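The shown structure was predicted, so the numbers you read here are calculated from the model rather than taken from an experiment. Computed over heavy atoms, backbone and side chain alike; hydrogens, waters and symmetry mates excluded. One-based numbering, in listed order, for ligands and for the atoms of each.
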Amino acid sequence: MALKVSSMRAFSYNYIWALDKDGTTVCIVDPGDATPVLAAVHAYNLSLSSILVTHHHADHTGGINALLAEFPGTAVYGPKSNKIDSITHPLSEGDILSVAGIDFTVMSVPGHTLDHIAYFAHGDSGDESVRPALLFCGDTLFAGGCGRIFEGNPYMMYKSLEKLASLPGATMVYCAHEYTLGNLRFALHADPYNTDIIERIQQVNDVLNAGIPTVPSMLSVELRTNPFLRCHTKGVRNAVTEKMALSADSSEIDVFAALRRWKDGFSV
Ligand SMILES: [Zn+2]
């Protein structure tokens, strides 16, 4: 069977991802709430094979204990962090794990939190289907934006995003929130002459109007339209310099830090 990745909505804007390889067991990514997971698992008569966690925030971990109560012994993969009690397999940069028949490499991507990790799997062209490369990146890279910097500093976050941006362009980016439209509205201010953003906003509006998630997105699209991956471009640098009164010799990281501050105070 080919891998199926499905989304469940939790809270207002969270996505919990389910990876199903064999139609009987699922791997759940960032279960902030057990309710939608248990509803889906019962509806399709599935059991839990494993849980992947990207970072310690409650909207990514709050459902783990309730899932373990129903499925004791489930492997819980997550960052080496003293903030998540239930992790059975602590991970750090470069570790490789196999879930749902896929090998994932762990990437350390601090900035949003210090313990944040992402899971990357290379694409696969098997006999049954062609599977693109997959990235589960929690609250680090969003469609059209990036997470807030709560525990790290702009340098860390910039380096983490740079790492993700170096993955293959055809990578499907599974982030944890439906923030795409708001992010792209801000992106138009931060990168005002980028017509790809205008086009993407139209597509995203159509997708949302059809009741479909805008996530996953493709990394190559993020590279063209996500201002947080475009601090090296003249367009973003000029807009940020003007808005945030940066000096002309500001570094790319200064531009990124100011862009993040601008977004923190921006409302659409
Ligand atoms: Zn978070």
Given a threshold of 2.8 Å, state how many protein N/O/S atoms are nearer than that to the Zn ion (ligand 1).
4
Residue pair H232 / E162, side-chain donor-acceptor N/O under 3.5 Å
no
H177 and Y13 aromatic centres sub-6.0 Å
no
According to a hydrophobic-cluster definition based on side-chain heavy atoms being under 4.5 Å apart (Ile, Leu, Val, Met, Phe, Trp, Tyr only), do Y179 and V207 belong together?
no
Taking all atoms of both residues into account, what is the closest heavy-atom pair of F120 and A133, and its distance?
CE1-CB, 3.8 Å
Do R237 and E242 sit within salt-bridge range, that is, some charged N less than 4.0 Å from a carboxylate O?
no
Test of ring centre spacing under 6.0 Å for H112 and H57:
yes
